[in-house]
Amino acid sequence: MLIDSHCHFCFPELLADADGVLARMRAAGVAMALNISTSMDDLPKVVAFAQQHEGIFASVGVHPDQIEADEPDLAALVALARADKVVAIGETGLDYFRLREPLDWQRERFRTHIRAARETGKPLVIHTRSSAEDTLRILREERAEEVGGVMHCFTESAAVAEAAMQMGFYISFSGIVTFKSAQALREVAAVIPDERLLVETDSPYLAPVPHRGKSNEPAWVADVAACLATLRGQPVEHLHDTTSNNFLKLFNIL
Ligand SMILES: [Zn+2]
Ligand SMILES: [Zn+2]
């Protein structure tokens, strides 16, 4: 069994051919996927999609890039997080790459998500880009270690991974790890302990080698897993088993 820990089923690229995407995913041995929400508009669709499809789970949150999004308040996030098949809060975090200061609203939104996670006991799905130091600081200040979660689409250093793991977080690698230019990231991926490793597509973005340039989909998490197995010197079945067990444990799926 293999599990895609992060995808966006309700983005038009995937939703337009949802039946085909699901069929190809299952044919590739990908039994489950976490459907991630990015805005308040998105949210009902993301949750409904999970409720209608076996093996699909949902997260609730508003992405740090959504500058004009309706701002979620704590009570709304907590209420939404209690719906059937919602297993996580996110994606949330900080992104200093696309947007420029003042970004107090982004940090405040991040804090609201961490509080919702602690209130509901659901783990966090963290997005961090060009902002690792502030991301770790806010996770610490808001006591995110009480719930843990995943650093999704990880592209940071081994030191950042270590700091996140010390707070109980898992490290998830996407198709970026297969890119020719990602040698430094492969060195980080090689040393993450088995019990903290997850895999994802972040589809429809970031199609792994050999699908680069196409619209990504959950079936191709198998290519990410194959790359990780090779660079870690492990049988691919071992990679599938450990990352699947980690997913079920982190998100409390029985
Ligand atoms: Zn992200
Ligand atoms: Zn995402």
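First listed ligand is number 1; within each ligand, the first listed atom is number 1. FYI, the numbering just counts along the sequence from 1. Predicted, not measured: the structure shown is a model, and the values here were computed from it.
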Query - Residue Gln51 excluded, over 12 heavy atoms near CD under 6.0 Å - result: yes

Query raised in the report: So does Glu54 have more than 12 non-hydrogen atoms from other groups sitting under 6.0 Å from CD?
Result: no

Query raised in the report: Between Glu133 and Arg137, is there a side-chain N and carboxylate O pair less than 4.0 Å apart?
Result: no

Query - Carboxylate-amine/guanidinium proximity below 4.0 Å for Arg115 and Asp73 - result: no

Report task. Verify whether one side chain among Thr201 and Asp4 offers a donor that lies under 3.5 Å from an acceptor in the other. Result -> yes

Atom pairs and distances, donor-acceptor, side-chain atoms in residues 244-254, under 3.5 Å, two or more places apart:
residue, atom, partner, partner atom, Å
Ser244, OG, Met1, O, 3.0
Ser244, OG, His240, O, 2.8
Asn245, ND2, Asp241, O, 3.2
Asn246, ND2, Asp194, O, 2.8
Asn246, ND2, Leu197, O, 2.9
Asn246, ND2, Thr242, O, 3.3

Query - N, O or S atoms of the protein lying under 2.8 Å from the Zn ion (ligand 2) - result: His6 NE2, His8 NE2, Glu91 OE2, Asp202 OD1

